[in-house]
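For reference, the structure is listed below as C-alpha cells.
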Amino acid sequence: MPELPEIETVRLQLTKVLPGRRVEWVKVLNSKIVEGDLKKIVGLKVEDIRRRAKVLLIDLEKDLTLAFHFKMTGQLVLDYDDQGKTYKDRIVGGHPTEDFVGTLPSAHTRVIFKLDQGTLYFNDQRLFGWVRVGTKASIANEKFLQKLGPEPFEMATEEFAERVSKSRRPIKLVLMDQEVISGLGNIYANDALWEAKINPQTPSNKLTDKQLKLLFSKVKLVLEEGIKYGGATAADAKYIDLRGLGGHYQDHFRVYDQTGLPCHRCKTRIKKDYMSGRGTYYCPKCQS
DNA sequence: TTAAATGTTTAAAT
DNA sequence: CATTTAAACATTTA
C-alpha cells in the first residue's frame, strides 16, 4: 500500500511511544519475508525511528537497525499498552484491513515483537513486504536503499529538473522510478501530474523548465498534504473513523481512483488508462 | 470468473 | 545500450 506519506505517518505515530521500549522477544511467523536474525535485537532498547523513501527504519541499541518495507499490503499495529485487543489501545499504519481492529495476531501477522510495554505486529497479506535487521551501516548500504534517489524534501529544484529531464520515458513512470526520486507511488504521482496540468504520457525530456519547476512544487504539495491528512486509507472508509486513524488523504484525491468523476477544475470526466500495468488517472482536457 | 489493488524485481521483447 | 512490457511474487475483494 503505502507511499512516502503513509510511511511518514506511521513514523510520526510510533515516535510518540516506541523510543525507550525494550524488546523482550521476537516471534517470526513467516520467515520468507525476514532477512537477518531477529534474535539479535532481543533485550535491546529502541532509540530512534526514521524513514528513507518508503522504508521505515527502527534504530536500536548496539548500532542495529530494523528495516520494514510494506510494499502493497504491509501494515504495523502497535498494541501499546498490552491492554489488549481493541483498536482503542492501538496505533495502526499501512494497508488498511480488518486486521487493524481485529484480534491479533491475525492470519496475516508475519512477525511479532513483544516489548516491555506493548506488542508490535508486522502484518502483510500478500507477502511482498520485508523486514531486515543489520547494523545501521549495513542496512544503509544494501542495494535497495543504496540505489534510491533523493528524498523529495531534500532535493533542490534544479536537481529534480536535471534528473527527471534526462529520461525520454513518460513522466509518470519517471516520477514513480525510485532511483530518480524516492517516495512517490501511484497515488501521488497521478495527483501531482493533475496539479501541474501535465499529461502522464509526456516524455520527460520534453517538459519545459517551467513545467519541471511547477511539477516539483506540486510533488511536494501532494506529499505534504498526504502527511498532513495522515496518509490515505483508500476506499476502506469503514476503518477510518474508529479513532480518526488511517488517514484522510483519500478524501482529497485529485484524480486517483476518480474515474468518471468531474475534474475539479473543468468538470471533464476523469479518465483511466494503464501505463506499465498501473492505473493512470487524468483529466483529458486540462492534462492534454 | 476476471480484473485490479498505495510496490519492486526480473526476464523478455522492441 | 535505452526503454517497454509482461510476468512474477500471493492474497483479497469487487
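The shown structure was predicted, so the numbers you read here are calculated from the model rather than taken from an experiment. Below, chains carry the letters A, B, ... as their sequence lines are ordered, and counting in each starts from 1.
- For the pair Asp99(A) CG and dT12(C) P, the computed distance is 10 Å after rounding to whole Å.
- Rounded to whole angstrom, the span from the NZ atom of Lys32(A) across to the P atom of dA8(C) amounts to 15 Å.
- The base of dA5(B) sits within donor-acceptor range of the side chain of Arg126(A), with an N or O pair under 3.5 Å.
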Check the pair Ile187(A) / Glu3(A) against side-chain contact (heavy atoms from CB on, under 4.5 Å), numbers first and verdict last.
CA-CA 8 Å; Ile187(A) 292 178; Glu3(A) 305 176 40; 3.0 Å; yes
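- In this structure, Phe70(A) does not count as stacked on the base of dG7(B) under the 5.5 Å centre distance and 30° plane angle limits.
- Whole-Å rounding puts the Phe68(A) CZ to dG7(B) C1' distance at 18 Å.
- Protein atom NZ of Lys166(A) is 15 Å distant from nucleotide atom C1' of dC1(C), rounded to whole Å.
- Regarding contacts with the backbone of dA10(C), every side-chain N or O of Gln125(A) stays at 4.0 angstrom or more from both OP1 and OP2.
- Nucleotide dT1(B): unpaired (no Watson-Crick or G-U wobble partner with both distances less than 3.5 Å).
- In summary, of the residues considered (Thr73(A), Thr97(A), Val77(A), Val111(A)), a side chain to side chain contact (heavy atoms under 4.5 Å, CB included) with Asn123(A) occurs for Val77(A) alone.
- In this model, the phosphate group of dT8(B) is approached by a side-chain N or O of His69(A) to a distance below 4.0 Å at OP1 or OP2.
- Between the P atom of dT12(C) and the CD atom of Glu98(A) lies a distance of 12 Å, rounded to the nearest Å.
- With distances taken from any side-chain atom of Arg169(A) to the nucleotides dT3(C), dA4(B), dT11(C), the minimum falls on dT3(C).
- Taking atom CE of residue Met176(A) and atom C1' of nucleotide dG7(B), one finds them 8 Å apart after rounding to whole Å.
- Arg168(A) has a side-chain polar atom (N or O) that falls below the 4.0 Å cut-off from OP1 or OP2 of dT3(C).
- Looking at Thr280(A) and Asp273(A), their side chains never bring a donor and an acceptor atom within 3.5 Å of each other.
- Between Tyr274(A) and Gly183(A), the residue whose closest nucleotide on DNA chain B is further toward the 5' end is Tyr274(A).
- The residues Glu225(A) and Lys228(A) are annotated as not salt-bridged, no charged nitrogen and carboxylate oxygen being separated by less than 4.0 angstrom.
- Heavy-atom nearest nucleotides on DNA chain C were determined for Gly277(A) and for Arg110(A), and the one closer to the 5' end corresponds to Gly277(A).
- Salt bridge present: Arg21(A) and Asp116(A) bring a charged side-chain N and a carboxylate O closer than 4.0 Å.
- At whole-Å resolution of the value, CD in Glu3(A) and P in dA5(B) are 13 Å apart.
- Taking the ring centre of Trp130(A) as origin, the terminal cationic atom of Arg110(A) falls outside the region bounded by 6.0 Å and 45° from the ring axis.
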For a quick check, with a 4.0 angstrom heavy-atom cut-off, what is the B/S/- contact string for nucleotides 9-14 of chain B, read 5' to 3'?
S-----
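- If you take atom P in dT8(B) and the same atom in dC1(C), they sit 25 Å apart, rounded to whole Å.
- A salt bridge between Glu6(A) and Lys54(A) is absent, with no side-chain N of the basic residue lying under 4.0 Å from a carboxylate O of the acidic one.
- Annotation: His252(A) is in aromatic contact with Tyr229(A) [ring centroid separation under 6.0 Å].
- Look at His108(A) and you'll find a side-chain N or O under 4.0 angstrom from OP1 or OP2 of dT12(C).
- Taking only side-chain nitrogens and oxygens, Tyr281(A) comes nearer than 4.0 Å to OP1 or OP2 of dA5(B).
- If you measure from atom CD of Gln146(A) to atom C1' of dT8(B), you get 17 Å, rounded to the nearest angstrom.
- dA10(C) makes up no base pair with any nucleotide shown, lacking Watson-Crick or G-U wobble contacts both under 3.5 Å.
- In terms of position along DNA chain C, the nucleotide closest to Pro170(A) lies nearer the 5' end than the nucleotide closest to the other residue of the pair Leu127(A) and Pro170(A).
- The side chain of Lys54(A) contributes an N or O atom lying less than 4.0 Å from OP1 or OP2 of dT8(B).
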